[in-house]
Amino acid sequence: MQNKINDIQKNFHIDINNVVTQQDLEFVRIKYLGRQGVLTDLMSTLKDISADEKRIFGPLCNQLKIEFQNLHLEKIAKLEQEEALLLAKKSALFDVSINKPNQLHGSLHPYTLITQEIEDIFISMGFAVADGPELETDFHNFGALNIPSDHPARAESDTFWLPDLKRLLRTHTSTVQVRTMKNNTPPIAIICPGRALRNEATDASHDFMFMQIEGLYIDKNVSVANLLAVIKEFLDKLFGKSLKLRVRPGFFPFVEPGLEVDAECPFCKTGCSTCKGTRWIELMGSGLVHPNVLKECGIDPTIYSGFAFGPGLTRLAMLKYHITDIRLLHSGKIEFLKQF
Ligand code: PHE
């Protein structure tokens, strides 16, 4: 009997020491302490031994049971502790910012990058960013902008009209300026980045869709000097150096006077392929907002004046990032996009 008890005890210790999971432990409990387990079996043999032996082995069997039960409880506590520790370790190791090598990262499109940069520059000068629809009315795109009904830009060859010939895809983002002037009282200082669409044949520098970023400032006593100061600050910050400007007369029905602004080529000293050897690059139309436009938008031109300018965001992005074909910007080619 004693040998049997010793064997059981030895085996129990081996089994419980090998326990790793709750499930292992449950197997050990059933094996030794279960209703048909080793201990029940052992107890049942007590009836076959003499009264003297019973007096010795009865208490020994009970002690064994208590020992097993205690060790079982200890093991439960130990497993729970280990599990909690593992969990804590796991959560400490979880790093949301971890940078896995060899992964294909997304990147911001050059349009997004340059828009964010330009918005920052203008916000630092007190401008707000305005938005508007791409599907527009004749009034917002042409009528309010002093563009007469016989203006060639209205022709079907330039403008994408909807079949009702009333609505169109905006040909410039000046539409947002009209909407802003109609809904606000001066002073107004906004820029409006966004898509513009024109019915043009596609080549390396033209596409039917391009991006513009027009600006508008309306207040009392606004002058061409204010316009040029803002444009210079903008271009200097965008290209990271002080650039000379060249101003030429230009015609746009919605400004008077109208000016074309060119900047000294930021990339060369003697002429390069970007400036086509001229040392100047044409950047934008601009001017003082025509009194007819102010009137159309409910602003009194005898009190207020303002300036507007409209560089192509597509052109600025191509210049800044040295992109030579507009089609790359619109292609979604990963090889091109992953450079940004
Ligand atoms: N809206 C003009 C265009 O699309 C650009 C422009 C804006 C010109 C403001 C002058 C003043 O070409």
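Atoms within a ligand are numbered from 1 in the order they appear, just like the ligands themselves. Note that these values count all heavy atoms, side chains included, but never hydrogens, waters or copies made by symmetry.
Numbered from 1 in the order shown, with element, the atoms of ligand 1 that lie under 4.0 Å from a heavy atom of Ser174 read 1 (N). Residue Ala308 has at least one heavy-atom neighbour below 4.0 Å for each of these atoms of ligand 1: 9 (C), 11 (C).
For atom 7 (C) of ligand 1, the candidate residues are Arg170, Glu214, Glu260; the nearest heavy-atom contact is made by Glu214.
Judged by distance alone, the side chain of His172 and the main-chain N or O of Asn141 form a donor-acceptor pair under 3.5 Å. Using modelled atom types, no side-chain atom of Thr159 and backbone atom of Trp161 make a donor-acceptor pair closer than 3.5 Å. A donor-acceptor pair is defined here as one N or O able to donate and one able to accept, closer than 3.5 Å; no such pair exists between the side chain of Asp158 and the backbone of Arg154.
Between Val293 and Met181, some side-chain heavy-atom pair lies under the 4.5 Å cut-off.
Contact annotation: for Gln212 versus ligand 1, heavy atoms closer than 4.0 Å belong to the side chain alone. Only the backbone of Ser286 comes within 4.0 Å of ligand 1, judged by heavy-atom distances. When non-hydrogen atoms are compared, ligand 1 lies under 4.0 Å from the backbone of Phe309 (N, CA, C, O) but not from its side chain.
The pair Glu26-Lys31 does not count as a salt bridge, with every side-chain nitrogen at least 4.0 angstrom from each carboxylate oxygen.
Heavy-atom distances between Arg198 and ligand 1 reach below 4.0 Å in at least one pair.
Close placement of the Phe309 and Phe122 rings is indicated, their centers lying within 6.0 Å of each other. The distance between the ring centers of Phe267 and His322 falls below 6.0 angstrom.
Any N or O atom pair closer than 3.5 Å counts here, and Gln177 shares no such pair with ligand 1.
When only non-hydrogen protein atoms are considered, atom 6 (C) of ligand 1 lies nearest to Phe254 CE1, 3.7 Å.
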